[in-house]
Participant: 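Would you mind keeping the following structure in view while I ask a few things?
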Amino acid sequence: MNQPIPLLKVSGLTKSFGGVIAVSNVSFELKEGELLGIIGPNGSGKTTLVNLVTGFVKPTSGKVEYNNKDITGWAPYKIVSMGIARTFQMVRPFYQLPAYKNMIVPLYSPRVKKLAGGKYGDRDAVALDLLEEVGFERDSHVAYKVAGSLPQGYLKRLELAKAMALRPDLIILDELFSGLSLAEVASIVPIIEKLRFQGITIIMIEHRLKELFRIADRILVLNYGEKIADGPGEEVMESESVKKAYLGSETD
Amino acid sequence: MKKRKERIDRGIKVRSEDIFALSSYREMIYLLMPRAIPVVGLLGIAPFLSPYWQEVFISTSIYALLAISWDLLISAGLVSLGQSLFYGIGSYIAGALNHYCGWSPLFTIPVATVMGGVLCTVLLLPVLRLRGIYFAMVMLVLPLMLSRLVEATRILGGTEGLPGLTPFPNQLIALYVIQLALLATLFGFRRLMASDYGLVLKGINDNDRSVMSAGLNIYLYKTQVLFIGASVGSFAGAFGTHIDMFAGMPGFALDYALLPVAAAVVGGMGTFAGPMLGAFILVPLSEILRALGALRIVFYGLFLVVFIVGLPEGIFPYVQRKYHQLERWVELE
Ligand SMILES: Nc1ncnc2c1ncn2[C@@H]1O[C@H](COP(=O)(O)OP(=O)(O)O)[C@@H](O)[C@H]1O
Ligand SMILES: [Mg+2]
């Protein structure tokens, strides 16, 4: 898939929160079908970068282009309609609703209607199918349980299913694996590989370097809001600045 | 021997949304009863009321509409401390059309309903992005400002208001009209909230960022809800102004702002039936307490406090739970 224009192009993106510079002059490009991993110590600006790309936070300066279109500062719903979906690091379910009813909200979006040719169809059925895809076993009826009663593992899967419901071209996963057991991570990795196989471009923010390095094409490293490395996994870990950043702040 | 209360859900079959197979006619009655009570109760009782109580019921229904409108706004995360804005705008539009253009209530009320909805929505559009208490403060202040504006500029009759408006031909007809409007709003709103559209509104109230990330424009939904709520409130104002045969600054009075909130809290928020029930308790109560003169507000306040402390979930959710569950004592070893 050699394309002349990148799917996502971020240039000189900067965000300061009243003096605290969360993201500082970050630029990178993403080709269609690529899987980019983003790593960095806590507070290095990873989530803010996601918020900037998805419209939840307006940049202080810099530009975000998607499919050669300037989408800087657009409202989140417009960015979703362009085909970018995200998950939240802190899961955001509707706790009083059953899991499958949580899926109705994204399935109600204009984007889903447009892709389905103007019809929404049977949303409950689509919701149950998607939940099964991410591991809500159909016979266990766990999809009918109130979200507030589900363990973290299912809530993370629900978060992923809600993003998948939007049928995105680019999906951004903010620490999807954090708080999950090794077994749970191992069961979600194939779902991500499947998305990739379908041609969906993926950005993954992760602390679990081992899992990330196995599936990512490229790794981008943030430290204090700045990009300090960008390239294939092994290459990035060899870089002096990355070693310093990681030895300085994290041990695992 | 210890005993413990056990709760059993009744009629699971009929309560499930998808299955409409009613296996007996006891189940049918079980299902229809809650809907029949307000309909029969309101419409059936009307002809037997004295003219004084007919009047009280009209005013109660007006407050109930304001309370239901308040409940719709809160279900989308909009806290309104200014239902009087809707009431006042609706009453002034209907009053002006009747006073200056001679339109009959048949036209002033529908026009005031829609125009009031539009006007209030446009007025509040700039503050729609404010959350919780900030939105509530603006809504509280707006009607007070508008009423001072009328006073200062002497428009729309100034402090005198617009008197001599066309009344309804007959009080009982008026009562039936407002009760039918109230029932239609009640069942309409309950149905709306049970739909997928209602699910989105609940989502906005619960976690607006999650709805944003689902590709929905939450401000579009909030605008729509505001329009619907403001229209219902404006209808109440337009109707009330023809009952009073007068439109004026009292339309923006605090009563119309605060009673709907009290009714919703007493009756149970987020159910529509609760706030309506709350209005049907609080307004007649306030009439009965009139005999107490100055002490009225004391007893009224006491009643409110007792209710809020004793039954914080609200009357309607409590009754609903009792209706759907059987309780029995079971023995523990
Ligand atoms: N809404 C906000 N207001 C103020 N400061 C913020 C906000 N969001 C993030 N920050 C700050 O920006 C920095 C980067 O945070 P974040 O993007 O969450 O990092 P990461 O996801 O890499 O852990 C932190 O110092 C954080 O305190
Ligand atoms: Mg983060």
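Within every chain, numbering begins at 1; the chains are lettered A, B, ... in the order of the sequence lines, protein sequences first and strands thereafter. Just so it is clear, the model here is predicted, and its values are computed rather than measured.
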Participant: For atom CE of A:M82, is the number of surrounding heavy atoms from other residues, nucleotides or ligands below 6.0 Å larger than 12?
Facilitator: yes
Participant: So for A:F94, is it side chain, backbone, both, or neither that comes closer than 4.5 Å to the heavy atoms of chain B?
Facilitator: both
Participant: Take atom CZ in B:R129; do more than 12 heavy atoms of anything else shown fall under 6.0 Å from it?
Facilitator: no
Participant: Between the side chain of B:S210 and the main-chain N/O of A:P93, is any donor-acceptor distance below 3.5 Å?
Facilitator: no
Participant: How long is the span from the OG atom in B:S213 to the CG atom in A:N51, to the nearest 0.5 Å?
Facilitator: 10.5 Å
Participant: Can you name the closest pair of heavy atoms from A:Y108 and B:L216 and give their distance?
Facilitator: O-CD2, 3.9 Å
Participant: Just checking heavy atoms, which of residues 160-171 of chain A are less than 4.5 Å from chain B?
Facilitator: A:K162, A:L166
Participant: So for atom OH, which belongs to B:Y318, do other residues, nucleotides or ligands contribute more than 12 heavy atoms lying within a distance under 6.0 Å?
Facilitator: no
Participant: Please classify the contact between A:I84 and chain B as side chain, backbone, both or neither, with a heavy-atom cut-off of under 4.5 Å.
Facilitator: neither
Participant: First locate atom NZ of A:K101, then atom CG of B:L199, and finally report the distance between them rounded to the nearest 0.5 Å.
Facilitator: 6.0 Å
Participant: Look up atom CG in B:N207 and atom OH in A:Y95, then write down how far apart they are to the nearest 0.5 Å.
Facilitator: 8.0 Å
Participant: Where is the tightest heavy-atom contact between B:G215 and A:S109, given as atom of each residue plus distance?
Facilitator: O-CB, 3.8 Å
Participant: Checking B:Y219 against chain A: side chain, backbone, both or neither under 4.5 Å from a heavy atom?
Facilitator: neither
Participant: Closest heavy-atom contact between B:A214 and A:V105?
Facilitator: CB-CG1, 3.9 Å
Participant: Most heavy-atom pairs under 4.5 angstrom with chain B, which of A:R92, A:K78, A:E159?
Facilitator: A:R92
Participant: Within this structure, what is the CG-CG distance for the pair A:L107 and B:D196, rounded to the nearest 0.5 Å?
Facilitator: 9.0 Å
Participant: Do B:R209 and A:F56 come within less than 4.5 Å of each other through their side chains, counting heavy atoms only?
Facilitator: yes
